[in-house]
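One structure below.
Atoms within each ligand, like the ligands themselves, are counted from 1 in listed order.
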Amino acid sequence: MNEFVSGADYNVKENYNLFLLVDMDYFYVACEIRRNKSLEGKPVAVFHAVGERGAILTSNYEARKMGIKSGMSLSKARSVPGVIFINADMDYYLKTSNEIFSFLKGFGELEQVSVDEGFILIKGNYEKAYELAESIKQNIKEKFDLPCSIGISYNRVMAKLACEFAKPNGIFVIRRSEAQEFLKDVEVSKLYGVGEKTTKILNSLGVYKVKDLFSIDPSLLRSKLGDKASSYLFLLAKGEDPYKYNKEEIPKSISTINTLEKDLDKEEILEIVFSMVYELSSELQTNNLVSKTVTVRAVYEDFDNQSVSLSLNFYTNDYKKLFEVAKQLVNKLDNKKIRRIGVGFSNLKKLTEESLKNY
Ligand code: TTP
Ligand code: MG
Ligand code: MG
């Protein structure tokens, strides 16, 4: 193993592949504060609304302390007094994001993974990586007047974890030599790809921290999570990266699914569908992909499910165009209460000059 030698052992030439994960702090809200300084220090949330209904997309730390979190319904959030709510201006956030990532390209090999985060791949040692992170943070502050946090580690999932500990407005390093010790007391919900559903299952088995994973029967875990998810989980728990990142590989489709807080009519799910389309469109844009086919899948309150698809006669990654299609598909769903809703894009290809013509 490529063990890092820590401390002042300057005789050893350290030249490792290291990953810096740069993630903007409370990004959409920070963009709003940037252009309206009177919001600074106040609890602020950005929401997206379709008609009367809306959801919180993000909030700053002042608002988070008051219980305002991403995904919360706007009506619930509005019942908290003293919070400033701003309607999302996606065009402005995307424009700002593009400017930031064009700038970050200058610091190393860049892999953007969402509207507000990207990995920078470097070769060197942790001290060099830390200095680079300081310089990036300072530059982003000076050039864009925005706060960010940076996680540094020896693979992507650990850099992502380090970033969680860097937040807000910090830098955090996890060296390979310290990873095992560090991971022991980390909550399993913090591991990359471990969502609410998996966390609940793990908690029900008495697994709260990473170290708890090693004291339960692995076959029990496999029976609850399946073979693939359990083996991924064990790799993550050991600080290894189980995900394959092949930049040239084009997936057959990308999709996302949400279980609703309460069962909703199809007229009521549009804003959720919008967020999902938006999230998937960002993923397309990040990977230079365009799509032609949209699928909406509903699981109804009686667990019956329905899947509807529609293809455009051109390829796109424009969230507005894709949302128009998704809206038509939602309209085609049965008139039953919906429990879970999924959105998928398929027929994917790389964005080329040719596909741009139909933009
Ligand atoms: P995140 O990086 O997850 O969150 P954040 O930048 O708002 O806050 P943090 O300081 O914890 O990094 O997401 C980036 C942006 O993506 C966020 O500002 C708004 C948007 N977003 C959604 O639209 N829906 C969501 O559920 C989440 C989590 C984020
Ligand atoms: Mg962020
Ligand atoms: Mg992010």
Inset, instruction - Taking Gln306 for its side chain and Asp334 for its backbone only, find out whether a donor-acceptor pair lies under 3.5 Å. - result: yes
Which ligand 1 atoms are under 4.0 Å away from a heavy-atom of [X]?
| X | answer |
| --- | --- |
| Ser70 | 26 (O), 28 (C) |
| Tyr61 | 9 (P), 10 (O), 11 (O) |
| Asp23 | 2 (O), 12 (O) |
| Phe27 | 5 (P), 6 (O), 7 (O), 18 (O) |

Legend entry - N/O/S from Asp116 sitting under 2.8 Å away from the Mg ion (ligand 2): yes
Legend entry - Under 2.8 Å: N/O/S of Met24 next to the Mg ion (ligand 2):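 Yes, Met24 qualifies, because one of its backbone or side-chain N, O or S atoms lies under 2.8 Å.
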Test of understanding: given a 4.0 Å heavy-atom threshold, classify the contact between [X] and ligand 1 as side chain, backbone, both, or neither.
| X | answer |
| --- | --- |
| Glu279 | neither |
| Leu57 | both |
| Phe47 | neither |
| Val29 | neither |
| Lys69 | neither |

Inset, instruction - Specify which N/O/S atom of Asp23 comes nearest to the Mg ion (ligand 2), by atom name. - result: OD1
Inset, instruction - Answer yes if the ring centres of Tyr61 and Tyr26 are under 6.0 angstrom apart, and no otherwise. - result: yes
Taking the six-membered ring of [Y] as reference, does the NZ or CZ atom of [X] fall below 6.0 Å from its centre and within a 45° cone about the axis?
| X | Y | result |
| --- | --- | --- |
| Lys336 | Tyr300 | yes |
| Arg78 | Phe85 | yes |
| Arg175 | Tyr154 | no |

Legend entry - Parallel, tilted or perpendicular, as decided by the 30° and 60° cut-offs, for the rings of Tyr28 and Tyr93: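 Judged by the thresholds at 30° and 60°, the geometry between Tyr93 and Tyr28 is parallel.
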Legend entry - Closest to atom 11 (O) of ligand 1 (judged by heavy-atom distance), picking from Met24, Arg64, Met72: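 Looking at heavy atoms only, Arg64 sits closest to atom 11 (O) of ligand 1.
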